[in-house]
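Here is the structure we will look at, set down as structure tokens.
Counting from 1, the numbers follow the sequence of the chain as shown. Each ligand, and each atom within it, is numbered from 1 in the order the structure gives.
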Amino acid sequence: MNEADSEGIAAAFRRRGYTLTDDIKKADAVVVNTCTVRQKAEDKAISQIGRLRVWKEKRPEGKVFVVGCAAQKLGGKNIKHRFPFVDEVVGAKSIEKFEDSLIAQLGPSPEGETEHQNIYRSPQTAYTTVMRGCSLKCSYCIVPAVRGPAVCLSPEAVLEDAAAKLKAGAKEIVLLGQTVNSYKYGKTTFSELLKKTLALPGLARLRFMSPHPVYFDDAFTALLASEPKLARHMHLPVQSGSDRILRLMRRGYTRGAYLGLLERLRGAAPDLAVSTDFIVGYPGETEQDFADTLALVEEGRFSLAYCFKYSPRTDRPEMSATISEAEMEARLEKLLAAVKKNSRLVLNERIGKIEEVLFETETYGRASGNFAVRVKAGGTPGKVEKVLTAGAEKNTLNGKIL
Ligand code: 5AD
Ligand code: SF4
């Protein structure tokens with residue numbers, strides 16, 4: 001989500017004739033887009049802002065913008081008080097109004113459109129935001145507080161954005177939303193939005209991020225079964241394998257319901273790759289709860305899992321961690337090892353099979369299941385080709401174009 005917002009911000013700068021640079025010494029303006037999902041992310045953002053003091057001293061006419069979720073949480077006054085050299089603060093809730101801050105600093109916006117430019121993904125892939133914020137109340141999560149309740153964009157706005165990005169050369173669209181499959185605008189459901197997007201000219205593949213387990217319905221599974229352009233991968237955060245912890249987290253499903261959902265999804269698309277997120281050390285997590293999470297790694301057959309140590313996002317005493325930092329670290333290590341082992345098994349199962357690969361270079365691309373794939377030669381950037389895989393090395397499949 002932050003990457004998509006950053007691309008929108010970069011586009012606003014480009015409309016004024018600015019270009020991106022990796023070299024801060026050459027920059028006329030710096031935008032720090034901040035995250036606060038865990039305390040570590042917020043700390044990083046703060047130290048990043050702190051480091052700009054020297055830059056601003058050398059370049060007093062340069063502009064510093066601090067935007068995003070940590071900016072929203074800490075507040076503009078607070079940030080400007082701590083870092084007086086910051087010119088503008090734009091919180092996540094008003095990130096769409098970033099242009100107003102640009103106007104305040106740099107004068108009125110010139111007319112004209114800029115072509116879409118991909119910053120974070122390959123040139124083949126573009127993000128399209130379909131909803132902002134989140135209306136769920138997972139007990140550990142700060143997102144609803146800093147991004148506000150869920151608001152869906154109209155299907156017209158979504159399709160216009162996706163079409164423009166396809167016209168500018170993208171082949172793959174990633175529809176973005178905090179609970180993207182809860183999308184509803186008037187009568188348009190998530191599945192209908194997918195269908196409309198799938199019909200856009202030039203689209204080779206459609207992804208979405210991130211769905212929530214409670215919002216999948218039969219219409220979606222039917223679409224998954226019948227639409228090969230819908231990617232055979234899904235990032236479906238589960239957070240814990242313990243029913244007790246899932247209930248405390250207010251996730252709205254049980255371990256059994258989640259596994260049942262995986263079965264239904266894989267029934268519709270047998271080669272579906274599923275990745276996930278886990279949190280370890282949630283308040284009150286026992287050895288048994290953790291063992292349930294550990295066991296889920298294999299049972300869920302996840303291709304990949306991001307594992308996080310629980311980070312309290314409020315001062316409420318009942319929300320502070322109940323295990324020691326050493327224990328937290330030990331559980332994380334165990335989980336990471338299980339994930340690594342399992343990911344390798346899942347990857348090995350793909351060897352000797354045919355993968356649909358969207359090439360980024362002549363030798364590298366991504367399979368529909370999101371696996372990285374390498375070939376010796378022959379790939380056409382922007383084209384989907386069938387690759388017969390022969391082996392795997394360091395999370396990357398290798399093979400030959402058929
Ligand atoms: N502590 C640790 N991890 C968290 N996440 C969200 N909030 C927290 C928190 N307070 C993780 C979840 C989510 C991912 C984006 O970040 O796993 O899916
Ligand atoms: Fe946070 Fe995701 Fe839960 Fe929304 S669904 S509260 S963004 S973890």
Should you measure from each heavy atom of [X], which atoms of ligand 1 turn up under 4.0 Å away?
{"X": "Tyr310", "result": "1 (N), 2 (C)"}
{"X": "Ile279", "result": "3 (N), 4 (C), 5 (N), 12 (C), 17 (O)"}
{"X": "Arg313", "result": "10 (N)"}

What's the shortest distance from [atom] to any protein heavy atom, and which residue and atom give it?
{"atom": "atom 9 (C) of ligand 1", "answer": "Ser311 O, 3.6 Å"}
{"atom": "atom 7 (N) of ligand 1", "answer": "Tyr140 CD1, 3.3 Å"}
{"atom": "atom 2 (C) of ligand 1", "answer": "Lys309 O, 3.3 Å"}
{"atom": "atom 8 (S) of ligand 2", "answer": "Tyr140 OH, 3.2 Å"}
{"atom": "atom 18 (O) of ligand 1", "answer": "Asp277 OD2, 2.6 Å"}
{"atom": "atom 16 (O) of ligand 1", "answer": "Arg38 NH1, 2.8 Å"}

Does Leu262 reach the side chain of Leu236, with side-chain heavy atoms less than 4.5 Å apart? yes
Tell me, do Tyr253 and Val238 make a side-chain contact under 4.5 Å, heavy atoms counted? yes
Any ion pair linking Asp271 and Arg266 (charged N to carboxylate O, less than 4.0 Å)? no
Can a salt bridge be assigned to the pair Arg207 and Glu172 using a cut-off of 4.0 Å between side-chain N and carboxylate O? yes
Heteroatom proximity flag, Gln239 to ligand 1, N/O under 3.5 Å: yes
Given that the side chain starts at C-beta and the backbone is N, CA, C, O, which of these parts of Val37 lies under 4.0 Å from ligand 1, counting heavy atoms, or is it both or neither? both
Which one holds for Phe308 and ligand 1: side chain close, backbone close, both close, or neither close, with close meaning a heavy atom under 4.0 Å? side chain
What do you reckon, does Arg251 put a non-hydrogen atom under 4.0 Å from ligand 2? yes
My understanding is that only residues two or more places apart in sequence, or in another chain, count here; which of them pass ring-ring contact (aromatic ring centres under 6.0 Å, His included) with Phe208? Phe190, Phe220
Taking [atom1] in [X] as the centre, count heavy atoms belonging to other residues, nucleotides or ligands within less than 6.0 Å. Is the count above 12?
{"X": "Glu61", "atom1": "CD", "result": "yes"}
{"X": "Asn348", "atom1": "CG", "result": "yes"}
{"X": "Glu160", "atom1": "CD", "result": "no"}
{"X": "Lys80", "atom1": "NZ", "result": "yes"}

Restricting to under 2.8 Å, identify the protein N, O or S atoms around atom 4 (Fe) of ligand 2 as residue plus atom. Cys134 SG
Distance check, rounded to the nearest 0.5 Å: Glu329 atom CD versus Lys309 atom NZ? 4.0 Å
Kindly assign one of parallel, tilted or perpendicular to the pair Phe83 and Phe85, based on the angle between their ring planes and the thresholds 30° and 60°. perpendicular
Please name the residue in the list Arg250, Arg313, Gln239, Arg38 that meets the side-chain hydrogen bond (donor to acceptor under 3.5 Å, both in side chains) test with Tyr140. Gln239
